[in-house]
Amino acid sequence: MTARGVRVGAAVAAVPVLLLGLQIFASRNGFEGPLVSTWHDFTGTPKSVTVPWAGLALALVGLTWRWRFITLGLALGVDAVFAGVRLLDGATPTLGSGPTIALTALAMWAVFRWDGVQRRNALHAAALGALLILATKVGDVWLHITVIARPTVLDQYVLLADHALGEPSWVMGRLVDAAGPVVYGVLHWVYIELPVMAMVVAVWQLRHVVTRGQWPSHYLVRTFLVLGLLGPVVYVIFPVVGPMFAFGADGHGLQVGNYWPQIIPPLDTHPAAMAFDNVTPRNCMPSMHTAWALTVFIHSRRDNDGSPAPRLLRWAGAFWLAATLTATLGFGYHYGVDLVAGAVLCMAVESALRAPERGWDRTRIQLVGAGFALLAVLLLSYRYLAVEMAEFPVPAGIVIVGLFAAYVTAFYRTWFARRPAPAPVEESVPA
């Protein structure tokens, strides 16, 4: 077996072990785990409607048009039947079971009825769709883990550090309130449906898999999943709940005060970790919505051969990034410094994965190392230099923005300043 085969086999074997471990942890702590949630997708009420459909759409890239229509028809038929049964039973006719069942049936059919290129493409695409669905369930468990592992939060420190950026959450919070319910509704939909836009970009990147029998060497899903593994680790290292909870009316009585978004809290030069409830996830630092939205933006710029992406896709990627950043701040979910950390994490991970045919040359090593070093410097500064950042906001802000701008420039010059040579692809050859 090749080295790549060993890595793939180890990754496949690790998935059920991880899911089982998280399910045991969830059961012992009294909340729904990934296996129970998956079972509900099959037989009960799915946790999400759009995520299963996004996963199935991603799986369809590995099929011919004939089998795409068959699989899609199966999913729609099953969803209609399940919705009817739930309606007759007096329950909410939620959708989402159809794509999950169709995706499972597709994988089983590919294993037992197909072979060669057809089987490999179908299983590869089905695995991507399944991973997208399972990643959201693992993420849900991890949010519970942050609550259990970190009973106190560091929002007082982050608020002080955010003075260096001009308290953008308070500014955007007031702007979103003034914009009215229509703008709020659009931003909320964009924020919630980020996986849908990611699926659109990924499907576009993988559109030639069947016709050419080839897979790109790098595409959005890879970065998306790696970010989902690394980002939540920082949640436990640096627990933060966000301004609407720590300084707003949604703090369940444990907030510092009801300040957000109308009043900026007074400067407290003696910050401390504050005890918080056992419900609110500590998932602010870094902003993973920022990291994922930036990933969508990056991958919506160019095609796999280095040519510009369609204008509509580029505009959609830019809109999704701008709307997501507005929502994260305007809804009080994040501070400005969270967004900077999330963007740096995204570019560091993307630099590690992008253009694997290039190898780990000096430029890649420097870019990845600088990215993670900058993330560490930011986190340490937010924690141990927060008072100084608040007392001297202008120079502190210049340093943060300057370092961030320098890293963005290095990232752009490495990956986008020149049109790259066509990227090699993974050839699908008969087994």
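This one's a predicted model, so the numbers in the text were calculated from it and none came from an experiment.
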Parallel, tilted or perpendicular: ring planes of His289 versus Trp292, cut at 30 and 60 degrees: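 Judged by the thresholds at 30° and 60°, the geometry between His289 and Trp292 is perpendicular.
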
Any idea how His124 and Tyr219 line up, ring-wise: parallel (<30°), tilted (30 to 60°), or perpendicular (>60°)?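 Correct class here is tilted.
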
Distance only, no hydrogens: is a donor on one side chain within 3.5 Å (strictly under) of an acceptor on the other, for Thr146 and Trp142?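 Trp142 and Thr146 do not have a side-chain donor-acceptor pair below 3.5 Å.
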
Judged by modelled atom types alone, do Asp305 and Ser307 share a side-chain donor-acceptor pair under 3.5 Å?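 Their side chains do contain a donor-acceptor pair, which is all the 3.5 Å distance test asks for.
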
Report yes if the side chains of [X] and [Y] come closer than 4.5 Å at any heavy-atom pair, otherwise no.
| X | Y | value |
| --- | --- | --- |
| Phe224 | Val296 | yes |
| Glu193 | Met197 | no |
| Val210 | Val61 | no |
| Leu143 | Val147 | no |

May I have the list of side-chain donor-acceptor pairs in residues 242-263 shorter than 3.5 Å, sequence neighbours left out?
unit_1: His252; atom_1: ND1; unit_2: Asp277; atom_2: OD2; d: 2.6
unit_1: Gln255; atom_1: OE1; unit_2: Gly253; atom_2: N; d: 3.0
unit_1: Gln255; atom_1: NE2; unit_2: Gly248; atom_2: O; d: 3.2
unit_1: Gln255; atom_1: NE2; unit_2: Asn258; atom_2: OD1; d: 2.8
unit_1: Trp260; atom_1: NE1; unit_2: Ser169; atom_2: O; d: 3.3
unit_1: Trp260; atom_1: NE1; unit_2: Ser169; atom_2: OG; d: 3.1

On the six-membered ring of Tyr157, is Arg383 placed so that its NZ or CZ lies under 6.0 angstrom from the centre and within 45° of the ring axis?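 Because its charged atom sits under 6.0 Å from the ring centre and within 45° of the axis, Arg383 does stack over Tyr157.
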
Please step through side-chain contact (heavy atoms from CB on, under 4.5 Å) for the pair Asp268 and Gln156, ending with a clear verdict. CA-CA 8 Å; Asp268 183 358; Gln156 292 185 24; 4.1 Å; yes

Can you see which heavy atom on Leu367 is nearest to which on Phe411, and at what distance?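 Scanning both residues completely, I find the closest heavy atoms to be CD1-N, 4.0 Å.
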
At their closest point, which heavy atom of Phe25 faces which heavy atom of Ile148, and how far apart are they?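 Scanning both residues completely, I find the closest heavy atoms to be CZ-CD1, 3.8 Å.
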
Check residues 327-355 and write down every donor-acceptor pair under 3.5 Å in which the side-chain atom is one partner and the other belongs to a residue at least two apart or another chain.
unit_1: Thr328; atom_1: OG1; unit_2: Thr324; atom_2: O; d: 3.3
unit_1: Thr328; atom_1: OG1; unit_2: Leu325; atom_2: O; d: 2.8
unit_1: His334; atom_1: ND1; unit_2: Cys284; atom_2: O; d: 3.1
unit_1: His334; atom_1: ND1; unit_2: Asp338; atom_2: OD2; d: 3.4
unit_1: Tyr335; atom_1: OH; unit_2: Asp155; atom_2: OD2; d: 2.6
unit_1: Asp338; atom_1: OD2; unit_2: Tyr335; atom_2: N; d: 2.9
unit_1: Glu350; atom_1: OE1; unit_2: Thr223; atom_2: OG1; d: 2.6
unit_1: Glu350; atom_1: OE1; unit_2: His299; atom_2: NE2; d: 3.0
unit_1: Glu350; atom_1: OE2; unit_2: His218; atom_2: NE2; d: 3.1
unit_1: Glu350; atom_1: OE2; unit_2: His299; atom_2: NE2; d: 3.2
unit_1: Glu350; atom_1: OE2; unit_2: Arg354; atom_2: NH1; d: 2.7
unit_1: Ser351; atom_1: OG; unit_2: Met347; atom_2: O; d: 2.7
unit_1: Ser351; atom_1: OG; unit_2: Trp415; atom_2: NE1; d: 3.3

Is Glu32 salt-bridged to Lys137, cutoff N-O under 4.0 Å?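 Result for this pair is no, no salt bridge flagged.
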
Apply the side-chain contact (heavy atoms from CB on, under 4.5 Å) test between Pro52 and each candidate in Thr100, Leu103, Leu95; give the one that qualifies.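 Among Thr100, Leu103, Leu95, the one that satisfies the side-chain contact (heavy atoms from CB on, under 4.5 Å) with Pro52 is Thr100.
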
Working to the nearest 0.5 angstrom, can you tell me the gap between Leu19 CG and Ile24 CD1?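 If we round to the nearest 0.5 Å, Leu19:CG and Ile24:CD1 are 11.5 Å apart.
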
